[in-house]
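As the structure is a prediction and not an experimental result, all values here were calculated from the model.
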Amino acid sequence: MKEMTLFFVDDFLNIVYKDRVIQNKLKDIISKGYIVDRSRFVEEFLKIIKKEKIKGKLFGDNINIVCNSYFSSSYIFFLETIFLDFGFIHVNFVDIKDLLPESNATYIEINEEYMVINLDKGVYLDLEYFKDIPQILEYFKAYFKEDVVLFGTNKNIAQIKMKNKFLYHLENSATYINESLLKVKKYGA
């Protein structure tokens with residue numbers, strides 16, 4: 001099997017495999033970018049693999065998982081154990097920051113259910129509780145680099161404004177990470 005890369009966002013599982021992106025909504029299995037029901041995830045993942053006719057060797061396949069900056073070390077271990085239990089020989093984690101254009105900018109991922117401010121460590125904010133995105137950005141403004149770049153699945157990204165700060169938006173912000181994964185051939189493990 002060619003290597004497969006997974007990216008979790010909102011309640012979607014994105015599988016990048018053989019130059020295509022397979023997106024599946026897994027409501028109540030993935031929530032706010034986290035797997036919340038391991039056993040149901042295992043069942044659904046196996047169904048998706050079968051449906052998409054993704055075949056692999058019994059031993060020896062690797063899998064890549066995009067590791068968002070807010071993932072804790074215990075959650076990374078949790079992900080690793082799930083996929084090692086599937087029979088993958090090695091689980092590689094791709095830092096989401098490696099998929100963003102290199103520049104002197106602060107990247108902020110704004111999705112439908114949460115946002116992540118990528119500083120030295122990722123600051124995760126649940127949009128169920130923190131609804132006023134411009135006010136949140138004002139609160140963190142002192143920590144931002146000169147340029148601030150917004151991306152993610154939130155439909156309102158283009159309307160977000162800040163006082164005394166230019167905000168840039170990635171042209172294809174909702175699909176930027178998936179498109180970056182399609183372009184990258186090898187990952188540093």
Side-chain angles (χ1 to χ4, degrees), residues 5-16 21-37 41 64-79 93-184 187-188:
T5 303
L6 307 180
F7 175 52
F8 303 96
V9 63
D10 287 324
D11 54 359
F12 287 93
L13 167 64
N14 298 291
I15 301 173
V16 179
V21 176
I22 304 160
Q23 187 176 64
N24 292 276
K25 184 173 181 121
L26 300 178
K27 186 148 180 71
D28 299 325
I29 298 170
I30 297 174
S31 178
K32 300 175 183 173
Y34 288 109
I35 296 173
V36 293
D37 189 332
F41 175 79
N64 302 303
I65 300 174
V66 175
C67 184
N68 215 316
S69 58
Y70 64 88
F71 286 179
S72 67
S73 56
S74 60
Y75 185 69
I76 291 169
F77 179 74
F78 171 73
L79 288 174
F93 290 96
V94 180
D95 190 340
I96 195 167
K97 292 178 185 178
D98 294 340
L99 301 172
L100 299 170
E102 287 186 43
S103 73
N104 192 22
T106 300
Y107 288 91
I108 302 174
E109 178 181 1
I110 305 174
N111 296 309
E112 294 302 321
E113 300 176 344
Y114 63 96
M115 73 186 265
V116 180
I117 302 172
N118 289 292
L119 300 169
D120 292 336
K121 294 235 178 202
V123 177
Y124 176 93
L125 297 161
D126 189 328
L127 294 180
E128 183 179 339
Y129 304 107
F130 300 97
K131 298 180 188 295
D132 190 352
I133 294 172
Q135 185 61 40
I136 294 167
L137 296 178
E138 285 295 324
Y139 178 75
F140 284 96
K141 184 165 73 172
Y143 301 103
F144 295 163
K145 296 178 181 173
E146 186 173 328
D147 296 327
V148 177
V149 181
L150 306 178
F151 71 100
T153 61
N154 193 300
K155 294 165 187 67
N156 299 317
I157 287 177
Q159 287 78 37
I160 297 172
K161 306 283 184 233
M162 261 180 84
K163 297 175 195 164
N164 304 322
K165 197 72 136 165
F166 288 110
L167 297 178
Y168 301 94
H169 314 275
L170 292 176
E171 193 174 313
N172 50 347
S173 71
T175 59
Y176 182 82
I177 298 299
N178 289 332
E179 290 175 19
S180 295
L181 289 168
L182 286 171
K183 293 176 190 171
V184 176
Y187 308 103

| Do the side chains of Tyr143 and Val123 get nearer than 4.5 Å, heavy atoms only? | no
| Does atom CG of Asp120 have more than 12 heavy-atom neighbours from other groups under 6.0 Å away? | no
| query | Do Ser72 side-chain atoms and Tyr75 backbone N/O form a donor-acceptor pair below 3.5 Å? | reply | yes
| salt bridge (charged side-chain N to carboxylate O under 4.0 Å, His left out) with Glu128: which residues, sequence neighbours excluded? | Lys32
| With side chains defined as the heavy atoms from C-beta onward, is the minimum distance between Leu125 and Phe140 less than 4.5 Å? | yes
| note | Heavy atoms of Val116 and Gly122 approach each other most closely as CG1-CA, 4.3 Å
| remark: Which of Asn14, Leu100, Val9 passes side-chain contact (heavy atoms from CB on, under 4.5 Å) with Ile177? It is Leu100
| field | Atom of Thr106, atom of Asn118 and distance for their closest heavy-atom approach | value | CG2-O, 3.9 Å
| request: Begin from the C-alpha positions of Tyr34 and Phe78 and carry the test ring pair (Phe, Tyr, Trp, His ring centres under 6.0 Å) through to its verdict. | output: CA-CA 11 Å; Tyr34 288 109; Phe78 171 73; 9.4 Å; no
| message | Are Phe8 and Val66 packed together at the side-chain level, in the sense that at least one heavy-atom pair is separated by less than 4.5 angstrom? | response | no
| task | State, with a plain yes or no, whether a side-chain heavy atom of Phe93 is found less than 4.5 Å away from one of Leu79. | result | yes
| message | Counting C-beta onward and ignoring hydrogens, is there a side-chain heavy-atom pair between Lys165 and Leu137 closer than 4.5 Å? | response | no
| field | Worked verdict on Asn68 versus Glu109 for side chain to side chain donor-acceptor pair (under 3.5 Å) | value | CA-CA 10 Å; Asn68 215 316; Glu109 178 181 1; 3.0 Å; yes
| task | Taking all heavy atoms of Gly152 and all of Asn111, pick out the closest pair and write down the distance. | result | CA-OD1, 3.5 Å
| field | Lys141 side chain vs Lys163 backbone, donor-acceptor pair below 3.5 Å | value | yes
| request: Grab the two heavy atoms, one from Leu167 and one from Ile160, that are nearest each other, plus how far apart they are. | output: CD1-O, 3.5 Å
| Side-chain contact, heavy-atom cut-off 4.5 Å: Phe144 with Leu119? | yes
| note | Tightest non-hydrogen contact, residues Ser69 and Ile96, listed as N-CG2, 4.0 Å
| said: Counting only heavy atoms from other residues, nucleotides and ligands, does the tally under 6.0 Å from CD of Glu146 exceed 12? | reply: no
| query | Are any non-hydrogen side-chain atoms of Leu26 and Asp37 less than 4.5 angstrom apart? | reply | no
| Can you name the nearest heavy-atom pair linking Lys145 to Val148, along with the distance? | O-CG2, 4.1 Å
| message | Is there a side-chain contact between Asp147 and Asn104 in this structure, where contact means two heavy atoms from C-beta onward sitting under 4.5 Å apart? | response | no
| So, Asn154 side chain and Asn156 main chain: donor-acceptor pair closer than 3.5 Å or not? | yes
